[in-house]
Peer 1: 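Let me begin by handing over the structure; questions about it come next.
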Amino acid sequence: MKPPSPGAWLRAGISRDGGPLQENEHVVWLQAGDWYADSRGFAGVTAYDDGLVRFHHDVGEPGEDVGRLERASGGDMTESGTNPDGSSFHEIWTPLPGSQGPCGAWRSGPVQVVRVGRYVVHVDEHGGSFFALPEIDRG
């Protein structure tokens, strides 16, 4: 599957190493072309190889996640794979409304910023930050 581009996603839940699906933090993933940023504190470039997606952590927390993305019901997406430490994960991602509009990614030294629509994720050596820009009434 070719992942969405651009896309703004809110994590609805995660299962670690086959455990129960749960969510105890607000996690946002933005994808703009090959560039991504995750509000947990890592960002970089996404590569696709024979059905696998690789999230290279070039900024922030080091590593690489490898998995598969699949469309689920209602526009959701599931991601299943392995973390840099070898543990497994299964995540459910829900599309964020308001992701239409400008998108792009910028990197300067140890900082990467991705914008999709009204959403922005900033990642640096201190972690990740998520912002929702105010909607502008153009009517």
Peer 1: What closest approach, in Å, do Gly44 and Asp58 show between heavy atoms, and which atom pair accounts for it?
Peer 2: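 Closest heavy-atom pair between Gly44 and Asp58: CA-OD2, 3.6 Å.
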
Peer 1: Check side-chain contact (heavy atoms from CB on, under 4.5 Å) between Glu64 and all other residues, then give those that pass, not counting sequence neighbours.
Peer 2: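 So Glu64 forms a side-chain contact (heavy atoms from CB on, under 4.5 Å) with Arg54, His56, Val66.
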
Peer 1: Could you go through the side chain to side chain contact (heavy atoms under 4.5 Å, CB included) check for Val45 and Trp35 one step at a time?
Peer 2: CA-CA 5 Å; Val45 177; Trp35 300 82; 4.0 Å; yes

Peer 1: Once rounded to the nearest 0.5 Å, what's the spacing between atom CG of Asp65 and atom CG of Leu52?
Peer 2: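 Answer rounded to 0.5 Å: 12.5 Å.
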
Peer 1: Closer than 3.5 angstrom, by distance alone: can the side chain of Arg107 be matched with the main-chain N or O of Gly109 as a donor-acceptor pair?
Peer 2: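 Side chain of Arg107 to backbone of Gly109, a donor-acceptor pair under 3.5 Å: no, none is there.
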
Peer 1: Does any part of the side chain of Val121, heavy atoms only, come nearer than 4.5 Å to the side chain of Val113, both counted from C-beta?
Peer 2: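 Sidechains of Val121 and Val113: no contact.
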
Peer 1: Is the distance between the ring centroids of Tyr36 and Phe55 under 6.0 Å?
Peer 2: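 Yes.
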
Peer 1: Between the main-chain N or O of Leu21 and the side-chain N or O of Ser15, is there a donor-acceptor pair closer than 3.5 Å?
Peer 2: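 No, because the side chain of Ser15 does not come within donor-acceptor range (under 3.5 Å) of the backbone of Leu21.
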
Peer 1: Would a 4.5 Å heavy-atom cut-off, applied to side chains only, mark Arg115 and Leu133 as touching?
Peer 2: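 Contact flag for Arg115/Leu133 side chains = yes.
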
Peer 1: For the pair Arg71 (side chain) and Asp76 (backbone), establish whether a donor and an acceptor sit closer than 3.5 Å, ignoring hydrogens and angles.
Peer 2: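 Here the side-chain-to-backbone pair does not exist.
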
Peer 1: Start with the C-alpha gap between Val111 and Val123, add the side-chain angles, then the distance that decides, and say whether side chain to side chain contact (heavy atoms under 4.5 Å, CB included) holds.
Peer 2: CA-CA 6 Å; Val111 176; Val123 177; over 6 Å; no

Peer 1: With side chain to side chain contact (heavy atoms under 4.5 Å, CB included) as the test, would you mind laying out the steps for Trp29 and Leu10 before giving the verdict?
Peer 2: CA-CA 7 Å; Trp29 157 42; Leu10 175 65; over 6 Å; no

Peer 1: Let me confirm one number: the CD-CD1 distance from Glu23 to Ile92, rounded to the nearest 0.5 Å.
Peer 2: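 One gets 10.5 Å once the value is rounded to the nearest 0.5 Å.
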
Peer 1: Work out which heavy atom in Thr46 is nearest to a heavy atom in Gln31; give both atom names and the distance.
Peer 2: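 Where Thr46 meets Gln31 most closely, the heavy atoms are OG1-NE2, 3.1 Å.
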
Peer 1: Only pairs at least two apart or in different chains count here, so list each side chain to side chain donor-acceptor pair (under 3.5 Å) that has a residue in residues 79-93.
Peer 2: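 Sorted result for residues 79-93: Arg11-Glu91, Asp17-Ser88, Arg40-Glu91, Glu79-Trp93, Ser80-His90, Asn83-Ser87, Asp85-Ser87.
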
Peer 1: Do you know which two heavy atoms are closest between Ala43 and Ala37, and how far apart they sit?
Peer 2: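 Ala43 and Ala37 have their closest heavy atoms at CB-CA, 3.8 Å.
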
Peer 1: Please examine the side chains of Ser129 and Phe131, heavy atoms only from C-beta on, and report whether any two atoms are closer than 4.5 Å.
Peer 2: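 Touching, per the 4.5 Å side-chain cut-off.
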
Peer 1: Run the numbers on Tyr48 and Asp34 for side chain to side chain contact (heavy atoms under 4.5 Å, CB included), then give the verdict.
Peer 2: CA-CA 9 Å; Tyr48 312 100; Asp34 291 337; 4.0 Å; yes

Peer 1: Side chain of Tyr119, backbone of Pro97: donor and acceptor closer than 3.5 Å?
Peer 2: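 At least one qualifying donor-acceptor pair exists.
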
